[in-house]
Amino acid sequence: MREVEDMGPRAALAIAVAVALAGCDGNANSNGGGDMGIYPTTDLAAVHCAVITIVATDGMGNATTSVPATLDASVNVVGVSGAHWSVQHDGDPAVALQPDSTGTRVQYTAELPGSWTFAVSFDHGPCPGTSFVNLTNAQAMQVDYRFRVLPPESTSIPLKDFKVTVSGGANKMQDLHLVAGNDTPGTLEVAGAPAPGEVRFISDDHGPDAVAFANATTGLFTAVLGDGTYRPLLIPTATAPAIPRAPHLGMSQDSSALRNAVFDIPGGVAVSGSVVDNTAAAIGGARVVMRTGDLPSGPGTSDGTGAFTLYAEPATYTMSFGATDWPEGSVDGVVVPAGGTSASVAYTIARVPVGGSVTGDSVSGARVTITSHDAIANVADVTIGGGAPVHAGGRVARVLFTHADGSLPPLQLPAGAYDVIVEPPGPSMNGLTAFSLMVTAPGPTTWTLPLAPPVSLAVTVTGPGGAAVKNARLTAIETVGLGAAPNCTTDLNGKCTLTVDKGAPLSLLVEPSGLDKISGTRLSVPAGGGALSVPLGPGIQVTGVVLSPSNTPVAGVRVEALCWSCGSPTPLATALSDANGVYRIYLPDPGLGGLDGGVTD
Amino acid sequence: MLLPLLASSGCLYLDGLNHQPSISIADGITSTNRGGMLTIHPIVNDREDGPKGVTVTYRMTLAGSTTPLDPRCDYDATAFGNDLSVRFFRAGIYEVTAIADDTEHGQAEASVMVTITDAPPVFADMSMIQQTSTPDACGYNPAGEFLTLSLAGSVSDADMTPAGCPTSESLSYTWRVTDWPGGAKPVLTAFDGTSCAPPTADSGKMLVVPKQDAQVCLKTDPLVVGSSGMYRVVLDVFDGKTTASTPPGAVEVHADEPPCITGVSPVAGSYVVDRTQLQLFDVEGAQDDRDHFVDGSIGFVWSVRRDSDATWTQVANWRIPSFQLDPSSFGVGEIVHVRVEAIDRSCTDPATCANVACDPSVAVCMVASCVTYPLKCAKWKTWDLELR
């Protein structure tokens, strides 16, 4: 496509249509290249068919792909007569068109989006031909965003979400009026006694949660809620293993009904059991937790005999368990009845001693993350209540630190494939290094983990028309280990080079200067560095003023544009309100198509 | 022959005797600087002609010199009647002689000695050294940074030399650091109108500038002792013979204040989180006396620690105000702590900073800061995550 792009958008569109739709009789190639043009004889007309070129332009004469558009259809022949032209919109009846004096050209103004098909036949000339063009309605294409406004904590104004709908081709003004929120005091109790803990009010519309912490002695708390409905998630602090302190997820209620509420939760029922290894020996310090949606259980930790007790509200959970040097596992459908139940975990998987060391500089205290490359089908048998044991699948997820000489601490892992990430402590000549390693039975296995230096990722950012985009901020968020977020700003040539860790895939956030009126983007970049070109499209500017509850502009407020429908917490673009409270965010133009507000992110 | 004539007439007629005119110069101002105007006002009289019949001319000589005075470069005199306005352009003691002539050419003289001196440069009233650079957000001058200074007011020299005469005098302007905090090695550099020239090997505590209204840059040093220090600077003006100086301009500098985190999301505290969900943390705002949250000059260090870890692990190369943690690599039920600490230009790596703000075990480290009210703010904040 490079050659086509160099010819300008109008020519590009014309050629693209011609190539895509060339010819009739199923022989597109016969009409291409030098065959297009002059049809001096009827003999030639018998073997060459009309190739219609369609050029769509807007009111300014610029090439366009959206309505309204003037469609100029023509065939490049001479000496024809008896031309019959028609145009058809999608499945509508065809409309006859009057050609110009040569019979080779017609014009039509398309108001509706969709497919427009031109057909031509001649009494004397080439055989009939058809071509079509698809037009969109940029203005009608809309994307919903969630603008999350995070006022500084010092303002005591709660963060708030706004639904912002942007339409194709149109900038948008939208003030973001914060509300003071409603102080919602309450008391957290467990079985009638004040309890400390986390009190989370979960918004029913993807809005931000409101969180408060109940006082350790009084159980009092004050949350700040907005309008709307919330579900209270009450998580009392598990102060002692023997005290029932199961979390509770309440019913959805209007925020006004939650004010001054006393949340006296029962504390749950006991789930007791044991954790043993594959020789039936007790595993102390194993942790067992359960969760169903937003509702977790209380924590369970095994003692020296392998016995544990946790408290949970009666429900059906996914139970997860893990222990140092043992894989984690989980089983679904764990029913906790009103009277409580028992749960026993018996590891069945064998392990292999694994040793090794990290080599290179900064090997002491390197952080090593070991995860199973594939899920392990059966790590333990879990018995719930009086039921039959069920196999629990799982995986290894371990974090450890190297000794001073770079050696790994004693380690046992099931046989299998592993992803290993080594992060040397800074400052270091080397960076995060990824390994794919095997553990084979019966072992032992020794790993050598040479650290690798970082690599360069040279990025070139271009805007519409291929122009260099300067002063764009690039942040490469590494998504393995603890990660890293190196950043740089493009120079006058739209270039900047990031130093990234060799083994880390990236989420590259590209944020052009607001002055450029182009949209930013976030894209995934595989590990390994190299060169990368990032073309950016025109941006729809959404701007306005962040206003306090008293209607005064608020400076220094962070505004994040999030996907509305998907609930993703990852911002697509961010801005900070200036001294006048004005924010500006540039988002992709929905009229250009292919956008979903970040749903696929 | 005459005698018989006299005898025959009987009378001898003789003309009256002409008296000398009198002249005196009353004591008055007899000294001034070069170019200063003096007026010689002689008092004259004549018995025969009266005062109006006396004309006065002047003669001027340089005491101790026989060289004739140059009426262009040495002096400039204008007579008004018998008075004389005269300016001398060279320092020295001059004798001004007034010569009275009556109509009968009787003469008398009177002299006055006039002392002409070099005037020193003189600063206008209220002239002083002023700071032209803007203090930081706390109203302080930052130690270790450039300050710009200028003369508020003016300086002049009363001496005057006619154009083209060899004794033309010019003033030179020298800025000088007279006092500085212990351990500091301040230097002065030129200000080009927009920025300060970087110090060179030739930079020192004195800087000559071409004109009196030129701004200069004072490069201060970070404080070695204490949280504030004082620099004093003067402007010397030299006319070739005499130096005049401004009163010392005092500039107090303060040590860099630690940056403050003014808000985080979620609110720092203890949470039970779903270990299958990515956890996001944001700093919503930060303040500092010199650096700024908006432009990224306030950075952040993110650290992670499990309950089972002895120390915090700093996340390498992560300085932006947002952080994401994938809890799935941690163990079931583990408690993981995430900490964010603000950093500024004076301390980019907390592990190597001279002053540790708080004990690492403190969840929220409050430090004194001039930039926030009530003068305390959070250097770091910590989230506790229980992975259930």
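Chain A is the first sequence line, chain B the second, and so forth, proteins listed ahead of strands; every chain is numbered from 1.
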#### Entry: Flag, side chain of B:Arg388 to backbone of A:Ser297, donor-acceptor distance under 3.5 Å
yes

#### Entry: Top of B:Pro266, B:Gly333, B:Gly285 for chain A proximity - count of heavy-atom pairs under 4.5 angstrom
B:Gly333

### Task
Go through A:Ala484, A:Gly322, A:Ala323 and name the one with the most non-hydrogen pairs under 4.5 angstrom from chain B.
A:Ala484

### Query
Counting only heavy atoms not in B:Met366, do more than 12 fall under 6.0 Å of its CE?
yes

### Engaged part of A:Phe401 at the chain B interface, taking heavy atoms whose separation is under 4.5 Å
side chain

#### Entry: Among the listed options B:Leu387, B:Asp326, B:Asp282, the residue most often paired with chain A at heavy-atom distances under 4.5 Å
B:Asp282

### Which portion of A:Glu423 sits near chain B, non-hydrogen atoms under 4.5 angstrom
neither

### Summary
Residues A:Pro296 and B:Val272: closest non-hydrogen pair is CG-CG1, 4.0 Å

#### Entry: Rounded distance (nearest 0.5 Å) linking atom CG of A:Asn487 with atom CZ of B:Arg319
10.5 Å

### Query
When heavy-atom pairs shorter than 4.5 Å are enumerated against chain B, which of A:Asp501, A:Leu576, A:Val399, A:Ile421 gives the highest number?
A:Val399

### Task
Taking heavy atoms only and a threshold strictly under 4.5 Å, list by residue number the residues of residues 302-312 of chain B that touch chain A; give 'none' if the list is empty.
B:Val304, B:Arg306, B:Asp309

### Task
Establish, from distance only, whether the side-chain atoms of A:Arg558 and B:Ser322 form a donor-acceptor pair under 3.5 Å.
yes

### Task
Using non-hydrogen atoms and a 4.5 Å limit, figure out which bit of A:Leu150 sits close to chain B: side chain, backbone, both or neither.
both

#### Entry: Least distance between heavy atoms, B:Ile320 atom then A:Ala485 atom
CD1-CB, 3.8 Å

### Query
Counting a contact as any heavy-atom pair under 4.5 Å apart, which residues of residues 129-147 of chain B contact chain A?
none

## Note on the structure
One should read off an interatomic distance between A:Thr369 OG1 and B:Phe330 CZ, to the nearest 0.5 angstrom, of 7.5 Å

### Query
Measuring heavy-atom distances to chain B, does A:Thr324 have an atom under 4.5 Å in its side chain, in its backbone, in both, or in neither?
neither

### Summary
Here the pair of heavy atoms bringing B:Phe323 nearest to A:Leu482 is CE1-O, 3.9 Å

### Atom group of B:Val338 that falls short of 4.5 Å from chain A, counting heavy atoms
neither

### Message
Using heavy-atom distances under 4.5 Å, tell me whether A:Pro151 contacts chain B through its side chain, its backbone, both, or neither.
### Response
backbone

### Query
What part of A:Ile477 lies closer than 4.5 angstrom to a heavy atom of chain B: side chain, backbone, both or neither?
side chain

### Task
Could you grab the distance from atom CD of A:Glu328 to atom CD of B:Glu334, nearest 0.5 Å is fine?
10.0 Å

### Query
chain B heavy atoms under 4.5 Å from A:Val211: which part of the residue, side chain, backbone, both or neither?
side chain

### Task
Let me see the working for A:Arg287 and B:Glu386 under salt bridge (charged side-chain N to carboxylate O under 4.0 Å, His left out), right down to the final yes or no.
CA-CA 12 Å; A:Arg287 292 178 292 272; B:Glu386 185 182 340; over 6 Å; no

#### Entry: Top contributor to chain A contacts, counting heavy-atom pairs under 4.5 Å, from B:Ser270, B:Ser265, B:Ala286
B:Ser270

### Query
Out of B:Leu325, B:Ile261, B:Thr313, which one racks up the most heavy-atom pairs below 4.5 Å with chain A?
B:Thr313

### Message
Please report the interatomic distance CD1(A:Ile235) to OH(B:Tyr271), rounded to the nearest 0.5 Å.
### Response
10.5 Å

### Query
Looking at CZ of A:Arg395 and OG of B:Ser329, how far apart are the two atoms once the value is rounded to the nearest 0.5 Å?
7.5 Å

